[in-house]
Undergrad: 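The structure follows.
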Amino acid sequence: MSRPQNYEFQEWWNKHRESSLLEPSSQNPSTASLTVDIRSPSSDRAVDKGRARSARQLSWVCLLRFQQIFSCLAFLTNGVVSLLRTANRRIASPASASDSSSSRLYRLIKAFLITVLLLLSVELVAYFKGWHFRPPSMGAVGFVYANWLEIRANYLAPPLQSLTNVCIVLFLIQSVDRVVLILGCFWIKFRKLKPVAQMEYGAADEENADAEDYPMVLVQIPMCNEREVYHQSIAAVCIQDWPRDRMLVQVLDDSDELDVQSLIKAEVQKWQQRGVRILYRHRLIRTGYKAGNLKSAMSCDYVKNYEFVAIFDADFQPGPDFLKKTVPYFKGNDDLALVQTRWAFVNKDENLLTRLQNINLSFHFEVEQQVNGVFINFFGFNGTAGVWRIKALEECGGWLERTTVEDMDIAVRAHLCGWKFIYLNDVKCLCELPESYEAYKKQQHRWHSGPMQLFRLCFVDILRSKVSLAKKANLIFLFFLLRKLILPFYSFTLFCIILPLTMFLPEAQLPAWVVCYVPGLMSILNILPSPRSFPFIVPYLLFENTMSVTKFNAMISGLFRFGSSYEWIVTKKLGRSSETDLVAFEKQSDPLAESTSLLHRSSSESGLEELSKLEMSKKTGKTKRNRLYRKELALAFILLTASARSLLSAQGIHFYFLLFQGISFLVVGLDLIGEQVS
């Protein structure tokens, strides 16, 4: 058998291949290990299994993320749909023929809204064409935008910057005033300064009391259609720990509803049968509102037998020892005209609106009233929960019907006559806050239009008065101008007009410390008297700016004598004070301790006939509805539009402030704050 020609070569090749397979270590170590790793079947399975596990985990994570995103989108969608339904329902409601929608201010705000929408459309076109980063192109649209930039920089921005600087100065002056008041309050707390009475009433038997120890006191309760709270104030006054023959209660009813008149008469007769000296008075012609009511009551012949008069609104419940804690301060102080006490609120935690009101009023009483009372013996009378010396009322002209703030009016006139005031921060009188935004808005309109009416009327009298120059300056510049006129003016102008405009006219600058830092600091100072409300500091700041449109409108109407400035609307109350409050008062009162069970039934024993009348009147009364406030809604769209423009310029603080302030205006405009009526 012949061998192939390449037999020797093939035999060599086979031997060489077998040796390479049997001796891997003789090869390159890196190559050998690489060959072994690649050929390992267990390693391949582990890698494949790990890759499969990672893929499954990634898919589960993605599914979880998608579920969270869809849940958030569903929540936001439901919220938006619910908001749109609420807005649509309130727009379609006949009660939403909004507050003065045809007023001058609303027309101006509407024109401003149209302007900012047009400006936003122009800026959007410029942004997408890149003209915010380079000069506009030489086309027709670019030429128009270039001219707009020139007009904006040379003619519009300078006056806006000047107005901005003026408002910043006013803002800083008002902030300094607020800081000074806080420092004064700290000084009072540190030095423990407070009025001291020359005498105190003990637990002596009132039947053997000396007339000099218990002067004659007249107690007045003015009211008008107060069906929910009339029995509370009457009962609280009638259980005063004061000799019955030294006190007379006047229930001054201006109600125009016959069923309410019947209920109040029945309540008065009930207390008359128990030996309380109480009278019911009703005016046939309701002129002058509350001032006319009080003036009519003071004209009675028997008033001359009384030395002091205590005044309580229908929703106020003084403690049984109220007179014993206030009247002693008059002894030895012949120049003292008024003793004012602090308000305490039974429904301060009812909703967000009442919580925000509590912050404002706590600062008013704890800081403003107390500091002014201690250092200058003057402050504005709060209209209730105070005791007046009747001689002082008569000397300064009595109650006048010329304004809707008769309490501030008589306080200013008494101050100009040289009388002094005392504020007692530790004596509290229970009352109720308005729980609906509609009631609160009307109350604030009256509280901010009345001072401007009064300022116009008494400005010349202040200049001609015989008080010192320092007191005149305090009345004109601090009491009226700074706290009643400048505050609502700069608050509305700076944060609702100037700030949105600076987004469209960036040549005018509004510093971030004016927008955020100083208002935040002032909010912290305002919230110090009510530290439990600190979690609500951001809603408080936003809500105060939202209320600036109401306060500004009221200030303008009072200053220029517009028709709404003379409108008096009684603030509606819901009667949140319970009968247990009256029972607690009664248990503290020794003279009436034996009639505990009788007092507990005092608010419910008016008779089946009166109760049936009350139920029928409630059924036939007007249906309560949440309203739509168009000025607030228009300002909401203005601020949200300005926030969109701010987003194009990447202005962080301004964007967030405008966004949240616009949302705040939107919530208030839809009446989603306060009491919600289904």
Side-chain angles (χ1 to χ4, degrees), residues 170 173-174 177 180-181 184 287-292 294-296 298-299 308-309 311 330 333-340 364 368-369 371-383 386-423 446-489 554-562 565-566 568:
L170 297 178
I173 293 174
Q174 196 272 335
D177 174 64
V180 170
L181 288 175
T287 58
Y289 304 113
K290 182 180 177 181
L294 294 173
K295 181 180 180 180
S296 174
M298 294 298 293
S299 64
F308 305 105
V309 55
I311 303 173
F330 289 97
N333 293 325
D334 295 335
D335 57 349
L336 181 61
L338 169 67
V339 174
Q340 175 70 60
H364 171 71
E368 290 181 346
Q369 296 280 79
V371 170
N372 290 326
V374 169
F375 291 105
I376 61 177
N377 297 118
F378 168 72
F379 46 82
F381 175 45
N382 296 318
V387 182
W388 277 90
R389 189 188 297 271
I390 294 181
K391 179 181 178 182
L393 291 178
E394 295 173 347
E395 205 174 274
C396 63
W399 299 102
L400 298 181
E401 308 167 7
R402 56 182 182 172
T403 70
T404 57
V405 284
E406 73 294 326
D407 45 8
M408 184 182 295
D409 186 1
I410 200 165
V412 170
R413 287 185 282 117
H415 181 60
L416 294 178
C417 291
W419 291 95
K420 295 182 179 180
F421 302 163
I422 282 181
Y423 173 74
R446 177 166 55 87
W447 285 5
H448 286 82
S449 65
M452 290 299 97
Q453 301 174 27
L454 181 61
F455 181 63
R456 287 188 300 99
L457 296 172
C458 70
F459 178 72
V460 177
D461 296 335
I462 294 174
L463 296 178
R464 294 177 178 176
S465 64
K466 298 180 181 180
V467 297
S468 64
L469 184 62
K471 290 184 177 180
K472 292 180 181 180
N474 173 71
L475 271 176
I476 294 176
F477 294 107
L478 291 181
F479 187 76
F480 280 113
L481 290 182
L482 183 59
R483 297 167 187 165
K484 302 297 187 299
L485 188 147
I486 290 177
L487 178 58
F489 170 77
M555 181 267 293
I556 293 297
S557 64
L559 192 62
F560 296 101
R561 294 188 293 182
F562 294 150
S565 62
Y566 293 93
W568 177 289

Undergrad: Is the closest side-chain heavy-atom distance between F479 and M408 below 4.5 Å?
TA: yes
Undergrad: Look at the aromatic rings of W388 and W399 and report parallel, tilted or perpendicular, splitting at 30° and 60°.
TA: perpendicular
Undergrad: Can you measure from CZ (R561) to CE (M452) and round to the nearest 0.5 angstrom?
TA: 14.5 Å
Undergrad: Is it true that atom CZ of F477 has more than 12 heavy atoms of other residues, nucleotides or ligands lying nearer than 6.0 Å?
TA: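 Open.
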Undergrad: More than 12 heavy atoms of other residues, nucleotides or ligands under 6.0 Å from NZ of K420: is that the case?
TA: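 Not more than 12 within 6.0 Å, no.
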Undergrad: Mark yes or no for whether R413, through its side chain, and G398, through its backbone, hold a donor-acceptor pair below 3.5 Å.
TA: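 Side chain of R413 to backbone of G398, a donor-acceptor pair under 3.5 Å: yes, one is there.
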Undergrad: Just how far is it from atom CG of L487 to atom CD1 of I173, taken to the nearest 0.5 Å?
TA: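 If we round to the nearest 0.5 Å, L487:CG and I173:CD1 are 12.5 Å apart.
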Undergrad: Quick one: pull up CG in L463 and SG in C458 and give me the separation to the nearest 0.5 Å.
TA: 9.5 Å
Undergrad: Check E406 against L400 and note the closest heavy-atom contact, atom names and distance.
TA: CB-O, 4.1 Å
Undergrad: Let me confirm one number: the CG-NZ distance from L416 to K471, rounded to the nearest 0.5 Å.
TA: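 Nearest 0.5 Å value for the CG-NZ distance: 9.5 Å.
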Undergrad: Ignoring hydrogens, what is the shortest heavy-atom contact between C396 and I410? Give both atom names and the distance.
TA: SG-CG1, 3.8 Å
Undergrad: Does F459 form a side-chain contact (heavy atoms from CB on, under 4.5 Å) with I476? I'd like the steps, not just the answer.
TA: CA-CA 8 Å; F459 178 72; I476 294 176; 3.8 Å; yes
Undergrad: Using atom types as modelled and distance alone, determine if a side-chain donor or acceptor of K290 lies under 3.5 Å from a backbone N or O of G383.
TA: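 Side chain of K290 to backbone of G383: a pair is present.
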Undergrad: What is the distance from atom CG of L336 to atom CD1 of I422, rounded to the nearest 0.5 Å?
TA: 4.5 Å
Undergrad: Measuring only between side-chain heavy atoms, which start at C-beta, is Q369 closer than 4.5 Å to N382?
TA: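 The answer is yes; the side chains approach within 4.5 Å.
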Undergrad: Has R456 got a side-chain atom pairing as donor or acceptor with L559's backbone, closer than 3.5 angstrom?
TA: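 Pair found, side chain donor or acceptor close to backbone of L559.
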Undergrad: My understanding is that only one of W419, F330, Y423, F379 makes a side-chain contact (heavy atoms from CB on, under 4.5 Å) with L338; could you say which?
TA: F379
Undergrad: I'd like to know whether V309 forms a side-chain contact (heavy atoms from CB on, under 4.5 Å) with L393, so could you lay out the CA-CA distance, the side-chain angles of the two residues, the decisive distance to 0.1 Å, and finally the verdict.
TA: CA-CA 10 Å; V309 55; L393 291 178; 3.7 Å; yes
Undergrad: Identify the heavy atoms of V405 and P451 that sit nearest to each other, and give their distance.
TA: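 Heavy atoms of V405 and P451 come nearest at CG2-N, 3.8 Å.
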Undergrad: Using modelled atom types only, decide if a donor and an acceptor are shared between the side chain of R402 and the backbone of Q453 within a distance under 3.5 Å.
TA: no
Undergrad: If you take all heavy atoms of V371 and G184, which pair is closest and at what distance?
TA: CG2-C, 3.8 Å
Undergrad: Determine, stepwise, if the pair D407 / I311 fulfils side-chain contact (heavy atoms from CB on, under 4.5 Å).
TA: CA-CA 11 Å; D407 45 8; I311 303 173; over 6 Å; no
Undergrad: Write down the atom of R483, the atom of D177, and the distance for their closest heavy-atom approach.
TA: NH2-OD1, 2.9 Å
Undergrad: Taking side-chain contact (heavy atoms from CB on, under 4.5 Å) as the criterion, tell me which of V467, I376, L469 meets it with N474.
TA: I376
Undergrad: For G386 and F381, work out which heavy atoms get closest and say how close.
TA: CA-CE1, 4.2 Å
Undergrad: Give, for atom CG of L481 and atom CG of L475, the distance between the pair rounded to the nearest 0.5 Å.
TA: 10.5 Å
Undergrad: Does any part of the side chain of V412, heavy atoms only, come nearer than 4.5 Å to the side chain of F378, both counted from C-beta?
TA: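 When only atoms from C-beta onward are counted, V412 and F378 do touch, with a gap below 4.5 Å.
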